[in-house]
Number of protein chains: 4
Amino acid sequence: MSNSYGKLFTITSFGESHGSCIGVVIDGCPAGLPVGVQDIQQEVDKRRPASSISTSRAEEDKVEIVSGILNGYTTGAPVTMLIWNKDVDSTGYEKIRYLLRPGHADYTAFVKYGGSNDFRGGGRFSGRVTATFVMAGAVAKKLLELIGIEVLAYTVEVGGVQAQPRQFDEIRKNIERNPLKCADPKAAKEMLRIVEEAKEQGDSIGGIIEGTAVNLPVGLGEPVFDSLEGELAKALYAIPAVKGVEFGSGFSAARKKGSENNDPFTIRDGKIITTTNNAGGILGGISNGMPLVVRVAVKPTPSIAAKQKTVNISTMKNASLEIKGRHDACIVPRAVPVVEAMIAVTLCDFAIRAGVVPEVIDRT
Amino acid sequence: MSNSYGKLFTITSFGESHGSCIGVVIDGCPAGLPVGVQDIQQEVDKRRPASSISTSRAEEDKVEIVSGILNGYTTGAPVTMLIWNKDVDSTGYEKIRYLLRPGHADYTAFVKYGGSNDFRGGGRFSGRVTATFVMAGAVAKKLLELIGIEVLAYTVEVGGVQAQPRQFDEIRKNIERNPLKCADPKAAKEMLRIVEEAKEQGDSIGGIIEGTAVNLPVGLGEPVFDSLEGELAKALYAIPAVKGVEFGSGFSAARKKGSENNDPFTIRDGKIITTTNNAGGILGGISNGMPLVVRVAVKPTPSIAAKQKTVNISTMKNASLEIKGRHDACIVPRAVPVVEAMIAVTLCDFAIRAGVVPEVIDRT
Amino acid sequence: MSNSYGKLFTITSFGESHGSCIGVVIDGCPAGLPVGVQDIQQEVDKRRPASSISTSRAEEDKVEIVSGILNGYTTGAPVTMLIWNKDVDSTGYEKIRYLLRPGHADYTAFVKYGGSNDFRGGGRFSGRVTATFVMAGAVAKKLLELIGIEVLAYTVEVGGVQAQPRQFDEIRKNIERNPLKCADPKAAKEMLRIVEEAKEQGDSIGGIIEGTAVNLPVGLGEPVFDSLEGELAKALYAIPAVKGVEFGSGFSAARKKGSENNDPFTIRDGKIITTTNNAGGILGGISNGMPLVVRVAVKPTPSIAAKQKTVNISTMKNASLEIKGRHDACIVPRAVPVVEAMIAVTLCDFAIRAGVVPEVIDRT
Amino acid sequence: MSNSYGKLFTITSFGESHGSCIGVVIDGCPAGLPVGVQDIQQEVDKRRPASSISTSRAEEDKVEIVSGILNGYTTGAPVTMLIWNKDVDSTGYEKIRYLLRPGHADYTAFVKYGGSNDFRGGGRFSGRVTATFVMAGAVAKKLLELIGIEVLAYTVEVGGVQAQPRQFDEIRKNIERNPLKCADPKAAKEMLRIVEEAKEQGDSIGGIIEGTAVNLPVGLGEPVFDSLEGELAKALYAIPAVKGVEFGSGFSAARKKGSENNDPFTIRDGKIITTTNNAGGILGGISNGMPLVVRVAVKPTPSIAAKQKTVNISTMKNASLEIKGRHDACIVPRAVPVVEAMIAVTLCDFAIRAGVVPEVIDRT
């Protein structure tokens with residue numbers, strides 16, 4: 001396993017869905033950054049099940065900081081944050097232990113860890129683990145704030161319904177106003193209808209999340225291999241259910257001509273900008289100062305109520321499976337703050353690598 | 001910069017488009033692997049400009065092995081391979097040195113390296129650098145061969161023309177038979193027509209490359225952060241012009257229901273398989289034994305003949321630019337062996353991490 | 001800061017002397033390893049203050065496992081272990097906050113972290129942090145046990161008194177029988193006398209710890225840069241107070257001729273061995289199957305009762321300092337299990353890298 | 001194998017004693033650093049066999065820069081430097097291929113690489129490989145120069161003869177004046193006599209090298225695990241023949257009391273210094289602004305003319321061995337520039353990590 005990410009701002013995630021706790025260690029956070037437990041809690045709360053379309057598992061998800069912060073400021077030592085698992089109900093899982101849930105990691109984890117993996121609620125492969133990403137992202141966002149970078153993620157498509165593009169300020173305002181975390185209220189309504197329909201059918205729905213970041217300096221990203229696209233993609237693929245990542249015009253660039261896809265440069269207010277942003281803010285793997293634009297394809301939650309064909313790995317016989325448990329009909333909105341967090345963590349790492357955040361933050 | 005990739009099978013790439021040479025060091029290749037210079041040359045040759053649609057730069061691209069191989073076998077020491085740059089013509093670049101080519105890394109590289117970057121032919125950001133990936137990939141393929149894994153990449157879309165899906169054997173047979181490296185001969189013909197048309201217009205065309213790998217054992221990939229998707233995406237984004245990476249049903253999964261997208265398990269010939277492959281061979285970030293399927297969006301080459309609006313970074317004034325040089329109207333087919341190489345390198349690294357290749361290869 | 005160590009068996013340590021807790025995450029421990037909390041507790045107990053010569057801080061040091069272990073076996077997920085700090089008394093430290101304690105990290109930490117570092121009891125630089133190494137080492141020892149490797153550390157010199165060399169079995173038997181953790185009971189008695197004398201004078205005493213490991217396979221160590229010596233030295237220098245590390249004949253090799261220092265090879269019981277062990281079990285950075293021998297110089301504890309000259313970093317004036325607190329007159333015996341732990345962690349990492357431990361441990 | 005070192009200023013070494021070439025790639029050198037081939041050549045020349053006491057292998061060791069430098073300045077791209085092997089004579093080695101040379105890596109390399117390792121002249125384990133360290137060190141020294149740091153290494157003991165301590169300026173002046181690279185001319189003369197005596201006897205002699213660096217800022221080093229001591233030790237143990245590394249009072253600290261070993265702080269010229277330097281410039285793993293002092297034990301060259309007992313690994317029978325070849329009676333002086341180089345590389349990496357060198361060097 002590999003549970004660490006980031007070269008200079010390094011996060012190490014641990015914990016399982018039905019274990020004692022989940023947590024994260026951040027190594028490399030500059031000393032002197034003001035961080036309160038409420039800064040973290042507020043981000044984690046965004047990931048909590050909201051409304052009718054989410055799981056009924058009622059975790060309080062109370063954040064506890066256990067190292068690296070003294071009197072409200074980071075000390076330079078590793079910052080460790082925990083969430084204790086409270087509402088654990090593993091009874092359902094023992095029964096289906098050997099029935100491989102389609103679309104889940106049950107099969108691959110069983111083989112890779114010789115059957116010793118924690119199977120309860122997906123164990124280490126549970127979406128619950130992404131709460132640790134959000135805790136790390138909350139600290140990253142505090143650091144990015146210092147240099148004026150703002151990161152936002154929001155739902156742009158669910159069940160085939162596409163949101164209309166909105167301005168940054170409008171996005172920021174709208175996303176917390178609907179359970180889909182979509183910046184287009186009208187589309188959000190339609191998305192909700194589709195998700196609720198799927199829920200009634202015991203089915204699930206996928207979607208697309210867009211992430212953006214503004215006020216990036218020119219120069220973040222370390223090509224050839226640690227390009228901004230490459231590291232962001234790697235970070236985003238750590239989120240369960242993500243099956244596609246594209247930047248700027250992305251897959252549609254494949255259908256364009258060079259004359260359409262190139263972003264012309266011009267001078268505005270004494271600064272170099274591009275008049276379009278097909279590059280999604282990245283040229284040669286390095287930020288060009290335009291808004292970062294990344295889109296993430298989220299597959300429909302594999303946990304569905306309908307009976308599915310599968311295999312019992314203990315008997316090696318074909319079998320059928322009905323998943324009871326507590327699940328999300330559409331995980332997309334709950335993945336939104338996670339996408340935001342992983343973008344923040346990645347940008348933070350690159351900002352430190354590029355020397356655009358101070359080694360130590362002056363508290364005076 | 002970050003010019004190394006891979007945790008245990010680590011490649012370090014170096015060299016610039018118009019410098020002395022380009023090269024790669026592989027650290028971590030098991031000792032005892034039979035590797036001849038022709039194994040490498042044959043892969044590099046696949047990347048050479050082919051036919052009418054490519055650059056006229058006539059590099060021989062002759063591979064030289066300078067360390068790590070003795071009497072035709074790897075020694076366990078780092079394997080270093082070089083290609084000397086021969087047909088270098090930098091005259092055109094001095095003239096446009098400060099004119100930022102849209103869609104290229106000129107602007108971001110200039111800012112990041114304070115103007116000290118090698119600007120000739122894109123320098124370190126040139127597509128030429130990917131020949132070093134292909135050399136590393138050639139060694140990786142020799143190692144994968146030992147455990148029966150075969151990797152293939154091929155063009156599936158160019159200029160909006162989509163190829164029909166083909167069987168693995170047919171793909172292998174067809175891709176070298178047309179300049180597009182497409183497995184569907186009919187589509188290839190149409191693609192070629194479109195590219196030639198764009199060329200005549202001084203424009204360029206993008207496309208989509210699919211990569212696949214068969215006979216993967218179950219268990220490659222190291223979640224949470226070093227998932228098979230995450231590392232492959234990172235590796236593929238090191239290829240200039242890549243703006244999207246998706247696995248299995250990818251972005252189309254976002255439009256599916258769970259009941260459609262889940263791949264049911266069943267037993268075949270005593271082994272567990274899935275009856276569909278929307279997962280693209282990956283569950284929970286780990287290979288599930290089904291064919292790996294990844295698709296890569298390649299933007300149209302930014303070097304086009306048409307006059308473009310840009311900025312002179314020396315005078316900080318708006319300017320216009322006409323690129324003469326020697327360029328590819330469609331880089332997609334030349335990127336195909338590079339995609340194949342990066343998949344091979346990544347799988348090789350994971351195979352070593354998972355202990356499915358021997359530490360030392362028995363030569364008897 | 002850099003709080004992780006090990007490439008495949010990676011430990012991440014966190015926590016401060018006077019914070020909530022100290023802890024460690026192990027990433028890369030093979031699944032299926034039987035580990036109980038008592039396995040860890042037993043090692044941690046060896047590090048507790050013993051007898052008259054140690055600090056009076058009375059920490060229970062109760063180990064809690066919070067992730068990565070299910071029903072007594074590792075799951076393949078990160079193993080996290082915590083010790084909550086209970087007997088914290090920070091009152092003394094606030095008073096001397098700006099008085100730099102000679103020989104401690106106060107000055108360098110203050111400058112490096114801009115005064116935001118946790119100064120209470122040395123914070124992250126406290127010897128207390130090494131309890132996290134011991135927890136990691138306890139898991140490493142369980143894994144090494146599987147392949148028959150045994151690691152031992154013991155005191156060989158304190159205050160100038162040198163222990164007589166002993167056989168491995170005798171060492172194992174004797175070290176827990178005296179407060180100095182010395183295998184030579186007679187020398188131990190004399191050492192104790194000297195330490196007690198220093199304690200009465202409010203002074204402290206240094207010493208030398210030897211570490212050894214037997215039943216090593218040939219082939220551990222990854223030269224050139226990740227040599228067995230290099231990685232072990234790096235690991236051992238993470239222990240506060242260590243100022244020298246040598247292998248085999250070490251510094252005395254500098255005074256020998258080649259004909260004296262070379263270890264002749266011979267065949268014994270069908271295996272290649274050396275008839276002497278000046279190499280300390282390492283040739284070319286790789287284990288040669290002979291016992292590993294490493295020695296570690298431990299400086300006298302810098303916390304002494306005597307008045308010392310120093311500087312007040314707040315006023316930037318010369319000052320004098322008397323340290324009250326609770327300290328060890330000789331830290332050497334308490335460092336012994338830490339040396340053992342760091343050797344175990346390093347060997348474990350190399351054993352995994354060399355493929356001599358299974359990826360997954362068969363529990364049947 | 002692991003042939004890379006350094007986190008942000010990363011060197012990757014390759015090549016074998018009797019292969020085509022040896023070389024090094026530096027990744028992470030800031031752009032804009034003035035580096036000429038003569039800067040590198042001059043350092044490499046210091047490592048060449050000097051006088052009567054060294055090998056008769058007459059390598060010109062001509063440095064070639066093949067990437068990363070344009071018009072005399074680094075570009076930000078990887079800097080690659082090569083030395084082609086010219087005076088290769090492998091005939092002697094084929095004959096003794098299976099006779100394990102005592103004190104060399106022959107046995108461990110044979111087992112680790114399954115007999116596929118390059119055995120000619122020690123292959124990858126040859127001291128010749130350290131010329132690649134010196135090339136990297138030469139670039140590192142140019143970067144350190146920018147921030148005023150100067151590194152020096154020199155012989156302090158050979159064959160039991162100890163040099164008298166000298167001031168920094170005197171050391172710099174004296175070391176190139178005698179074949180021993182010793183700052184004490186009188187001791188140097190006696191050392192030379194002893195080495196020549198050993199040479200006549202077909203024997204070899206070890207010694208101790210001291211390294212120092214002045215004008216270090218406070219704050220280099222990343223504890224807990226990447227301490228200044230830990231990383232320096234790791235780097236120095238990459239030099240073949242090194243068997244001990246100590247800092248400041250080192251092993252002698254083990255024989256001191258805290259009251260003797262602590263370095264009192266005081267103010268001088270408005271800056272905090274210590275009045276003694278038993279810490280060797282390092283407190284808590286971090287530089288404290290005092291001169292860095294590290295000492296390295298070098299074992300006597302294992303290649304000696306005298307007949308030695310050994311094993312033929314092909315027949316697995318006892319055998320005897322007489323080494324002809326071309327060897328150094330005392331490798332210590334040739335290791336001096338290598339020690340200097342590895343200190344420079346390590347400090348350079350830490351300086352970049354601590355943000356005390358600019359990301360990009362302003363060329364104006």
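Values reported hereafter were calculated over all heavy atoms of this structure, with side chains retained and with hydrogens, waters and symmetry mates removed. Convention: sequence-line order gives letters A, B, ...; per-chain numbering from 1.
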Inset, instruction - Between chain C and each of D:Val218, D:Asn3, D:Val245, count heavy-atom pairs under 4.5 Å; write down the option with the most. - result: D:Val245

Inset, instruction - Would you mind checking which part of C:Ser227 comes under 4.5 Å of any heavy atom in chain D, side chain (CB onward), backbone (N, CA, C, O), both or neither? - result: side chain

Inset, instruction - Could you have a look at C:Gly284, C:Pro300, C:Ala297 and say which one has the most heavy-atom pairs with chain D under 4.5 angstrom? - result: C:Pro300

Legend entry - Contact origin within C:Ser4 toward chain D - heavy atom pairs under 4.5 Å: backbone

Inset, instruction - Between chain C and each of D:Tyr237, D:Tyr5, D:Tyr113, count heavy-atom pairs under 4.5 Å; write down the option with the most. - result: D:Tyr237

Legend entry - Residue among C:Gly248, C:Ser259, C:Gly160, C:Ala241 with most heavy-atom pairs under 4.5 Å to chain D: C:Ser259

Inset, instruction - Between chain D and each of C:Leu228, C:Ile272, C:Val311, C:Leu100, count heavy-atom pairs under 4.5 Å; write down the option with the most. - result: C:Ile272

Inset, instruction - Begin with the C-alpha distance, continue with both residues' side-chain angles, and end with the deciding distance and a verdict on salt bridge (charged side-chain N to carboxylate O under 4.0 Å, His left out) for C:Lys243 and D:Glu246. - result: CA-CA 6 Å; C:Lys243 294 300 275 188; D:Glu246 62 175 14; over 6 Å; no

Inset, instruction - Please determine, among D:Ser204, D:Ala105, D:Ala109, D:Gly202, the option with the most heavy-atom pairs under 4.5 Å with chain C. - result: D:Ser204

Legend entry - chain D contacts, top residue of C:Met342, C:Lys299, C:Lys317, C:Met316 (heavy-atom pairs, under 4.5 Å): C:Met316

Inset, instruction - Count the heavy atoms belonging to other residues, nucleotides or ligands that lie under 6.0 Å from NZ of C:Lys309, then report whether that count exceeds 12. - result: no

Legend entry - Side chain / backbone / both / neither for C:Ile304 at chain D, heavy atoms under 4.5 Å: side chain

Inset, instruction - Please state whether the side chain, the backbone, both or neither of C:Val161 comes within less than 4.5 Å of a heavy atom of chain D. - result: neither

Legend entry - chain C contacts, top residue of D:Ala233, D:Gly103, D:Pro302 (heavy-atom pairs, under 4.5 Å): D:Pro302

Inset, instruction - Return yes if some donor-acceptor pair links the side-chain N/O of D:Lys112 with the main-chain N/O of C:Gly221 below 3.5 Å, else return no. - result: yes

Legend entry - D:Val332, part contacting chain C, at a heavy-atom distance under 4.5 Å: neither

Inset, instruction - Mind ranking D:Asn288, D:Ile205, D:Leu220, D:Asp106 by heavy-atom pairs under 4.5 Å with chain C and telling me who comes out on top? - result: D:Asn288

Inset, instruction - For chain C, find which of D:Ser13, D:Gly244, D:Pro240 contributes the most heavy-atom pairs closer than 4.5 angstrom. - result: D:Gly244

Legend entry - Toward chain D, the part of C:Ile282 with a non-hydrogen atom under 4.5 Å: both

Legend entry - Which atom of D:Phe251 lies closest to which atom of C:Arg295, heavy atoms considered: CZ-O, 3.6 Å

Legend entry - Part of D:Gln308 lying under 4.5 Å from any heavy atom of chain C: side chain

Inset, instruction - Please determine, among C:Val224, C:Val294, C:Asp226, the option with the most heavy-atom pairs under 4.5 Å with chain D. - result: C:Val224

Legend entry - Part of C:Arg353 lying under 4.5 Å from any heavy atom of chain D: side chain

Legend entry - Straight-line distance of C:Asn318 CG to D:Ile267 CD1, nearest 0.5 Å: 5.5 Å

Legend entry - C:Val111, part contacting chain D, at a heavy-atom distance under 4.5 Å: side chain

Inset, instruction - Could you pull out all residues at least two apart from C:Asn277 that satisfy side chain to side chain donor-acceptor pair (under 3.5 Å)? - result: none

Inset, instruction - Against chain D, label C:Phe125 side chain, backbone, both or neither, depending on which of its atoms sit under 4.5 Å from a heavy atom there. - result: side chain

Inset, instruction - Nearest 0.5 Å please: distance from the CZ atom of D:Phe265 over to the CG atom of C:Leu99. - result: 11.0 Å

Inset, instruction - With sequence neighbours excluded, give me every salt bridge (Lys or Arg N to Asp or Glu O under 4.0 Å) pair touching residues 252-268 of chain D. - result: C:Glu157-D:Arg255

Inset, instruction - Hey, can you tell me if C:Phe225 and D:Phe133 have their rings parallel, tilted or perpendicular (30° and 60° cut-offs)? - result: tilted

Inset, instruction - Return the option, out of C:Gly230, C:Gly285, C:Gly206, C:Ala254, with the maximum number of heavy-atom pairs under 4.5 Å with chain D. - result: C:Ala254

Inset, instruction - Can you tell which part of C:Ser287 gets under 4.5 Å to a heavy atom of chain D, answering side chain, backbone, both or neither? - result: backbone

